[in-house]
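What follows is a short report on a single structure.
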Number of protein chains: 2
Amino acid sequence: MTMPVPPVQRSLEPLGTAVPSTVPSHWYNLAADLPEPMPPHLHPGTREPVGPDDLAPLFPQALIAQEVTAERYVEIPQTIREIYAMWRPSPLVRAERLERALGTPARIYYKYEGVSPAGSHKPNTAIAQAYYNAIEGTTTLTTETGAGQWGASLSLAGALLGLDVEVWQVRASYDSKPYRRLQMQVYGGICHSSPSDLTEAGRAILASDPDTTGSLGMAISEAVEAAAKNPKAHYSLGSVLNHVLLHQSVIGQEALVQFAEVESGAPDVIFGCAGGGSNLAGLTFPFLGQNLREGTSTRLVACEPAACPSLTQGEYRYDHGDVAGLTPLMKMHTLGKDFVPPAIHAGGLRYHGMAPMVSHAVNLGLMEAVAVEQTDAFRAGVEFARAEGIIPAPESTHAVAAAIAHARAATTDEVIVLGLSGNGVLDLPAYDEYV
Amino acid sequence: MTMPVPPVQRSLEPLGTAVPSTVPSHWYNLAADLPEPMPPHLHPGTREPVGPDDLAPLFPQALIAQEVTAERYVEIPQTIREIYAMWRPSPLVRAERLERALGTPARIYYKYEGVSPAGSHKPNTAIAQAYYNAIEGTTTLTTETGAGQWGASLSLAGALLGLDVEVWQVRASYDSKPYRRLQMQVYGGICHSSPSDLTEAGRAILASDPDTTGSLGMAISEAVEAAAKNPKAHYSLGSVLNHVLLHQSVIGQEALVQFAEVESGAPDVIFGCAGGGSNLAGLTFPFLGQNLREGTSTRLVACEPAACPSLTQGEYRYDHGDVAGLTPLMKMHTLGKDFVPPAIHAGGLRYHGMAPMVSHAVNLGLMEAVAVEQTDAFRAGVEFARAEGIIPAPESTHAVAAAIAHARAATTDEVIVLGLSGNGVLDLPAYDEYV
């Protein structure tokens, strides 16, 4: 009985709006500053380095080029910058109420990505991926999602740039978080529970384990298969890959400038939560580049869940990104592609591997990693909410917990930066057991 | 098995942070500019105008004074301004993507209150009410809530300013929107379904109608009774009263300044959604004051739900604010205190009356009112989300619908301002039937 929303004219043309200079004009690529080059991705059949032709069924040429580029800075197209300007620059906020509550001499800043319309950092790459796909003629994007932040963000990007979006959501999250599915639907996205009976990969998993809670690895297999079978469709990944980390660098690029306006020198330490690694890399890589080029010594700490500890417990080796083995082999810290993490509350961190570029940086000793227990994470999230007003995303609470522990132990006025990758309003059931 | 969050030191003292000049220093009081004075509130027993002593069991002296002040501008204490600065000034945004989608020659701006930590305009008064209570020694605040935005906002204020908060939530919302209760709990608030068996008013209602879906009028009776019985407790109301509208004037005060930076002259028309009236008044009264003092002619339009049409269908007469008749009598547009609105999706608009100051302004012909059908409201909300990224609160969609209809019919480049009172991420189930 409801009337349809009238179709509207979308355009890839910029509006022509003046974008503030505080919105970055370029993405930053850590590969240009690494002391050793990245190990290449390998073809899953031949185990030779993948070339552009191998990736063409999944990605547009522009993103394939970004995946391997050695340029330090990649220009951001005007259409993307205008959309970024809807919520960027995101704020870098001094957490003075939290400092007062903790009684710490440290100064704590948080870089808050929850101001995006989808509530997390994910639109930074969703908008870019949708744009490059649309200009190359893709009409449909397929993807996986865990907690739903990525699926919602890609659906938002599809609405703004005129693409159809089809999402496979990990069953554990699909069942426990119906609000996320509704968010995707309001933006016009289509959402399936994964594993589904819509793909060969999904049917095979269901046949062997009908009661599985699903995993990101399984959902990726389904979305990749669906894209490969539709010539007008491409696949879109919300983390892990180099081009995704590149797009997320707007976070740290902004933070570098914002930090210099309020503090002298570089931060002493930066904490970011780590699932696939894109939020962590987005915030920290521009500071790591500063360490490598200018000799600053900011400590960079990846905060991962103790229940899914790819950096602190996984092996550093070649592995697939998905369960079915459809993706290229990537050298990364991994718990093994068949690892099914427990249904921890931070659904966005339930991934068996870690971004190859983050893994490489940790392996070279350029970054550190810590594992955070779930209870500690939620306690920190509640403390943060009651002091700063914002309820952190369950993923973000891992960084909040590490930062609070560090601040409590601080005896000097050191400066901490904390990545608050999103807000937790659509993940409030995760807080239920805690409160 | 969870560890409690450690108690922290709250303080009513300002941090001493420099607050940007873009955060208003004073609230604006329309009463100073009205061509005829407001009819007084009456004592429910004597029907004589209420005095400060009558209100002292419910409110602190500072708020009682604000309820009847004739001052045009009331200074905002530094502690409140510092908290406002956590999210204020809220943005006034040109909706260029929506304009392009509609193909309208009109220019549309939205003033977006969803950037507050609670996601709506409600913290503007929650912070102020908690502050004045705390400095006068109140330790507990009681209140009612409909959709939950107000209860969450007062819980946030309690967390930031060190007060216990107890909320009676209308049963229809309590049952259908568990996320809001969790939001209150993360902030440390306690939430009861109303009617409850905790108060005489609640027990009486349950005895006569055990299956009632509840109403704001019932929940107010419960919260007022609970406050009156506890000498350290006061009651807090999220809309309707003059002092609440006063605090919300920061919305329109900011919008006046922001508008002047991007357009010459005054807006042609402003649309705001109207439940109790505080969001509408907060945005429009500063513009109405400009009309009255400076001769501008901005049209001001209250957008209410067709299912609860107090302004367009109610009588303008003295009525109680609650079902049990515990509150003063107020002269307002009312559907009658015993009116139980249908369980419409915009829970925040389910109130039988309208703020006396809004009612008075409408009665004097200074404002207009329109009733919006629910289906039209949600269609407009989806259109807005797909063009501008933000999913509007169900309440706000009433203003969005009226603005979109106006823009579609526009033949000249008139300028529309739209009050987007909050985001709808915690109200996504309300969109479910539509998408």
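Chain letters run A, B, ... following the sequence lines, proteins first and then strands; every chain starts at 1. Computed over heavy atoms, backbone and side chain alike; hydrogens, waters and symmetry mates excluded. None of these values were measured; they are calculated from a predicted model.
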| task | Under the side chain to side chain contact (heavy atoms under 4.5 Å, CB included) rule, what do A:Leu182 and B:Tyr431 come out as? Steps first, then yes or no, please. | result | CA-CA 7 Å; A:Leu182 289 165; B:Tyr431 279 89; 5.7 Å; no
[X] to [Y] - nearest heavy-atom pair and separation:
| X | Y | value |
| --- | --- | --- |
| B:Tyr179 | A:Pro178 | OH-CD, 4.2 Å |
| B:Pro117 | A:Gly389 | CB-O, 3.3 Å |
| B:Ile391 | A:Tyr187 | CG1-OH, 3.7 Å |

| message | Working note: A:Arg97 + B:Glu82, criterion side chain to side chain contact (heavy atoms under 4.5 Å, CB included); need CA distance, chi angles, decisive distance, verdict. | response | CA-CA 11 Å; A:Arg97 287 162 214 288; B:Glu82 285 181 359; 3.7 Å; yes
| field | Polar side-chain atom of A:Tyr434 near backbone of B:Val186 as donor-acceptor pair, under 3.5 Å | value | no
| Flag, side chain of A:Arg386 to backbone of B:Leu160, donor-acceptor distance under 3.5 Å |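 Side chain of A:Arg386 to backbone of B:Leu160, a donor-acceptor pair under 3.5 Å: no, none is there.
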| message | Does any backbone or side-chain atom of B:Val425 lie under 4.5 Å from a heavy atom of chain A? Answer side chain, backbone, both or neither. | response | both
| query | Which answer fits B:Leu156, side chain, backbone, both or neither, if we ask what part of it has an atom under 4.5 Å from a heavy atom of chain A? | reply |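 The side chain, not the backbone.
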| task | Specify which of B:Leu15, B:Val93, B:Ile390, B:Val115 makes the most heavy-atom pairs with chain A at under 4.5 Å. | result | B:Leu15
| task | Just give me the residue among A:Glu388, A:Gln183, A:Arg180 that pairs up with chain B most often, heavy atom to heavy atom, under 4.5 Å. | result |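 Going by pairs under 4.5 Å, I would pick A:Gln183.
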